[in-house]
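Before any comments, here is the structure.
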Amino acid sequence: MLKQHLQFKLSQKLSPQQIQLMKLIQLPTQAFEQRLKQELEENPALETGKEELETASDEYDDIYEDDSDNETINTEDINIDDYLSDDEIPDYRTKANNYSSDDEEKSVPYAAGISFNQYLINQLNTFYLSDDEWTIAEFLVGSVDESGYIRRPIADIMDDLAFTQNVYTDEQTITKILAIVQDLDPPGVGARSLEECLIIQLERKELTPSVELATAILKKSFEHFTKKHYQKLIQKHNISETELKEAISEIEKLNPKPGGSYSGNNRIVEHVVPDFAIRIVEGELELTLNGRNAPELHVSREYSNMLKGYKEAKDKSKSQKDTVMFIKQKLDAAKWFIDAIRQRQQTLFITMNSIMHYQSEYFLTGDERNLRPMILKDIADEIGMDVSTVSRVANSKYVDTPYGTKLIKEYFSESMKNEQGEDVSTKEIKKILETVIQNEVKKKPLTDDKLAAILKEKGYPIARRTVAKYREQLNIPVARMRKEI
C-alpha cells in the first residue's frame, strides 16, 4: 500500500510547462510586461502584432511531422545562414576584445538623484574640519540609516574608526562631531533615539511657550508622554490642560523619521497598475481585464519558412539538421508561450469574474458590511480550479472599482456565526469595530472588554481576545494609547 501511495504522489508532479504557467498567472500586469519583453528578446521566433497565426502554425506542424532522421544531403546545397534570423547575434560579437579601437561606444544618458548619504556629505563640505574630524564626520554620516538615525553606540563607532579608518579618538570627540552631523538637514538627522530626534527638531524651531514646554516634556517626562499619562504631566509641570494640549500639538507636527522626508534617497515607490476593472453599467456589474495582459503575438513567418525550405530540400546534412532542430525549438517555445498567455488570460478572467459575482452585493453598493465570508476554496470549487491557482490571482492582482483600487485578497475573509446563527464575514465585524472606536469619547477610550460587550449587544458574540486580535489587524492601538486630552 505504501509503495502504491508513493507512486500516486509522484504521478501528481507538475511538468515544467505547468510550473511556468503558474508563474505567469502569478505575475501582476507590470511584471508580466517585463516577462513578455524578456521572451520576445530571447526568442526571435516570437513576434508581436497581427498575422495569419493559424496558417503559420499549421504549416509548421506539417513540416514537423514530415521530418525524418534518415535524410541526408550535400552540405553545399543549402546555406545554413539562411535559417538564422537577422536578430541572432553570433557569439563572437558578444566578446569585448572583438571591438576595434575606433568602435564608438554609445550610451544613453539617464537622470539619477543623489543618495541620502551623499546629500549629507555635500552639506559637510560647508564646515571647516581637520582631516581626522572629516573622517569621523563622514563615518558618522555613513552610519545614518534610511530613517535618519544613528543607532550604534558611540563606543562601537570609536572602535570601528580605529580598526577600519586608523583614526584613534575618544567618545568626547565623536560626540562633538556628532553635534555637527545633527546640525545638518533634514532636522533631526543623526539622532540616536526618537526622544533625541524630536528634541533636535524642537530646538531648531522659534522659541515659544508651547515649544519650550514641549521640549521640557520630552527631556524630563518622555515616558509619561509616550504612555499618555496626561494627568501626571499636568501635575509634574504644573500646567493647565490647555497648555499641555498646545505643547503636544507642537510635538505632533514633528517628523519621527527625518530620513524618510528626503525625496532623493532612492526609495522604491510602487505604482499599482490595476489588473482588472469593475464598473456598474445600467445596474449590472461589468468586468474587464487590463488590455496590457492580452498582447497580440504570433509565430514568426520567417522561421516557419526556414523549416519549409528545409522540408523541400532533397538532401539534408547533419549540420543543417542541427540548425533546423534549433529553429524547431524556438518555434515550439513560441507556440507554447502564446498558448500559455491565452490560458493565463482565461484563468485571470474566470477567477475574477467568479469573485465579482460572489461579492456582487458589495460591488454594487461599496458597503463593506455587504462583503460575504469568502475563502479561496469557495472560488476554487466554483470555477473548478486548484486553490493554489486562485491564491496566485488573489495575492498579486489589483482591481479598480468605483470605490477605489484594492488588492483582490482583501475581499477574502473567514466567517463566524452571529446570534441568529447566520454566517457573517470577519471583515464586517472589523468594520463595525473600527466604527465603534472612531465614535468613542477620546478622553476615555473603550477597553477591549467594553468593545467586546458593545459587539455582543450588536449581535456579534466574540471574546475579548478576538477583539484584541481584530484591533491589532486594523493597526489600532490599545485604549490607553488612543487617549486624547
Discussion item. Less than 3.5 Å apart, any donor N or O on the side chain of Gln34 or Gln30 sitting next to an acceptor on the other?
Written reply: no

Worksheet item: Does the ring center of Tyr358 lie less than 6.0 Å from the ring center of Phe363?
Response: no

List the atom pairs, with distances to 0.1 Å, where a side-chain N or O of residues 377-385 and a protein N or O form a donor-acceptor pair under 3.5 Å, not counting sequence neighbours.
residue	atom	partner	partner atom	Å
Lys377	NZ	Asp381	OD2	2.8
Asp378	OD2	Ile375	N	3.0
Glu382	OE2	Ser354	OG	3.0

Worksheet entry | Side-chain ion pair, Glu39 and Arg35, N-O less than 4.0 Å | yes

Item to complete: Could you point out which residue of Thr29, Asp400, Asn293, Thr405 forms a side-chain contact (heavy atoms from CB on, under 4.5 Å) with Val273?
Response: Thr29

Worksheet item: Is Lys330 reaching over with its side chain to a backbone N or O of Met325, donor-acceptor style, under 3.5 angstrom?
Response: no

Discussion item. Under 4.0 Å between a side-chain nitrogen and a carboxylate oxygen: does that hold for Arg372 and Glu361?
Written reply: no

Fill in: Lys228, NZ: over 12 other non-hydrogen atoms inside 6.0 angstrom
yes

Worksheet entry | Heavy-atom pair with the smallest gap, counting every atom of Glu47 and Ser300 | OE2-OG, 3.3 Å

Practice prompt. With salt bridge (Lys or Arg N to Asp or Glu O under 4.0 Å) as the test, would you mind laying out the steps for Glu368 and Lys406 before giving the verdict?
Written response: CA-CA 13 Å; Glu368 289 192 6; Lys406 292 187 179 181; 3.1 Å; yes

Discussion item. Would the distance check show the side chain of Gln123 and the main-chain N or O of Asp185 forming a donor-acceptor pair, the cut-off being under 3.5 Å?
Written reply: yes

Fill in: pair Tyr149-Val144: side-chain heavy atoms closer than 4.5 Å
no

Worksheet item: Between Lys227 and Glu223, is there a side-chain N and carboxylate O pair less than 4.0 Å apart?
Response: yes

Worksheet item: Do you know which of Pro186, Pro187, Pro256 makes side-chain contact (heavy atoms from CB on, under 4.5 Å) with Gln201?
Response: Pro187

Worksheet item: Any side-chain donor paired with an acceptor under 3.5 Å for Asp386 and Ser388?
Response: yes

Worksheet item: Does the side chain of Arg471 come within less than 4.5 Å of Glu434's, by heavy atoms?
Response: no

Worksheet item: Should Asp367 and Lys431 count as an ion pair when the cut-off is N to O under 4.0 Å?
Response: no

Discussion item. I'd like to know if the side chain of Asn43 and the backbone of Ala333 have a donor-acceptor N/O pair within less than 3.5 Å.
Written reply: no

Worksheet item: Counting only heavy atoms not in Lys442, do more than 12 sit closer than 6.0 Å to its NZ atom?
Response: yes

Worksheet entry | Candidate pair Lys450 and Glu440, rule salt bridge (Lys or Arg N to Asp or Glu O under 4.0 Å), full reasoning | CA-CA 11 Å; Lys450 289 181 179 177; Glu440 70 185 357; over 6 Å; no

Item to complete: Would you check if the side chain of Ser396 reaches a backbone N or O of Arg392 as a donor-acceptor pair within less than 3.5 Å?
Response: yes

Practice prompt. List in chain and number order the residues that pass ring pair (Phe, Tyr, Trp, His ring centres under 6.0 Å) with His229, two or more places apart in sequence or in another chain; answer none if no residue qualifies.
Written response: His224

Worksheet item: For Asp339, which residues count as a side chain to side chain donor-acceptor pair (under 3.5 Å) partner, sequence neighbours excluded?
Response: none

